[in-house]
Amino acid sequence: MIAIERVIIDTCEEACSGTETETDLQAVKAAMIDEPTMNELADIFKALGDPTRVRIIYALMQKELCVHDLTVVLEMGQSAVSHQLRVLRNMRIVKRRKAGKTVYYSLDDVHIEQIFAQTLHHVKHG
């Protein structure tokens with residue numbers, strides 16, 4: 001395994017050497033996002049990496065729903081749905097609105113819907 005990795009590295013070094021100038025590489029390096037932003041982005045993808053949360057997001061793309069409605073749609077218990085909603089809310093993926101004693105959930109903003117829709121399109125495309 002180590003020998004194979006070394007061959008790949010050697011081949012890449014031979015094939016890549018000189019194709020990018022030091023200035024090009026410095027420009028790429030300067031454009032990199034900062035560590036806190038990188039971590040937050042990774043956390044959002046982790047939150048989207050759970051099938052139950054994906055189901056909740058998809059349901060909320062259709063319509064604003066309360067916890068009870070989500071338990072019916074997802075055929076899950078209230079505590080499980082509430083737990084997942086709390087995770088999504090902490091990540092600013094969903095937001096809540098209170099109407100009397102009922103709390104309604106919806107997607108936090110259009111960006112979440114766009115990320116989800118584009119990812120779904122990518123999955124269905126392949």
Side-chain angles (χ1 to χ4, degrees):
M1 182 84 166
I2 295 172
I4 293 171
E5 290 177 17
R6 184 67 189 152
V7 169
I8 292 170
I9 291 169
D10 287 345
T11 303
C12 182
E13 287 172 357
E14 290 169 11
C16 296
S17 65
T19 61
E20 297 298 325
T21 67
E22 186 67 27
T23 304
D24 293 336
L25 297 178
Q26 290 303 318
V28 171
K29 189 173 182 178
M32 294 295 290
I33 57 178
D34 60 50
E35 193 80 21
T37 303
M38 200 176 315
N39 289 333
E40 190 173 344
L41 184 60
D43 287 343
I44 289 173
F45 282 111
K46 285 181 204 171
L48 297 174
D50 179 87
T52 299
R53 291 191 287 264
V54 167
R55 293 173 67 211
I56 290 170
I57 292 167
Y58 190 77
L60 294 177
M61 283 178 67
Q62 313 308 309
K63 181 180 188 326
E64 178 184 65
L65 298 167
C66 68
V67 175
H68 176 266
D69 294 341
L70 283 165
T71 63
V72 172
V73 169
L74 303 175
E75 299 177 340
M76 293 177 61
Q78 181 178 345
S79 64
V81 170
S82 293
H83 170 74
Q84 297 300 343
L85 285 168
R86 187 170 35 259
V87 171
L88 292 170
R89 198 175 70 242
N90 289 342
M91 295 301 306
R92 296 180 326 167
I93 293 173
V94 300
K95 61 184 176 184
R96 63 183 180 175
R97 175 184 66 85
K98 242 182 164 179
K101 292 182 178 184
T102 306
V103 179
Y104 291 93
Y105 289 86
S106 61
L107 297 182
D108 190 77
D109 63 27
V110 69
H111 299 116
I112 298 301
E113 187 170 346
Q114 290 171 346
I115 291 167
F116 193 91
Q118 285 295 315
T119 305
L120 181 59
H121 178 73
H122 174 73
V123 168
K124 288 186 173 186
H125 177 74

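In the hydrophobic clustering of this structure, V67 groups with V103; members are Ile, Leu, Val, Met, Phe, Trp, Tyr whose side-chain heavy atoms approach within less than 4.5 Å, directly or through other members. Hydrophobic clustering, with ILVMFWY side chains joined whenever heavy atoms are under 4.5 angstrom apart, keeps V81 apart from V87. Linking Ile, Leu, Val, Met, Phe, Trp and Tyr residues whenever their side-chain heavy atoms come within less than 4.5 Å leaves L85 and V72 in two separate clusters. Neither I93 nor Y104 shares a network with the other; the hydrophobic side chains, linked directly or stepwise wherever heavy atoms of I, L, V, M, F, W or Y lie under 4.5 Å apart, form separate groups for each. Criterion: ILVMFWY side-chain heavy atoms under 4.5 Å apart, direct or through other members. Under it, V54 and L65 are part of a common hydrophobic cluster.
Not one N or O on the side chain of S82 forms a donor-acceptor pair closer than 3.5 Å with the backbone of S79.
Legend: residues meeting side chain to side chain donor-acceptor pair (under 3.5 Å) with E64, ordered by chain and number and at least two apart, are R97. Considering only residues two or more places apart in sequence or on other chains, D43 meets the salt bridge (charged side-chain N to carboxylate O under 4.0 Å, His left out) condition with K46. Annotation: side chain to side chain donor-acceptor pair (under 3.5 Å) contacts of E75 (sequence neighbours excluded): none. Applying the side chain to side chain contact (heavy atoms under 4.5 Å, CB included) criterion to M38, with sequence neighbours excluded, gives I33. Applying the side chain to side chain donor-acceptor pair (under 3.5 Å) rule to Q26 yields the partners E22; only residues at least two apart in sequence or on another chain are considered.
Distance check: M76 CE to L70 CG gives 9.5 Å after rounding to the nearest 0.5 Å.
Of the residues listed (L88, L107, D50), the one engaging I56 in a side-chain contact (heavy atoms from CB on, under 4.5 Å) is L88, and it is the only one.
Within a 6.0 Å sphere centred on CD of E40, heavy atoms belonging to other residues, nucleotides or ligands number 12 at most. When the shell of 6.0 Å around CZ of R96 is examined, it contains 12 or fewer heavy atoms from other residues, nucleotides or ligands.
Listed by first and then second residue, the side chain to side chain donor-acceptor pair (under 3.5 Å) pairs that reach into residues 54-63 come to none, sequence neighbours excluded.
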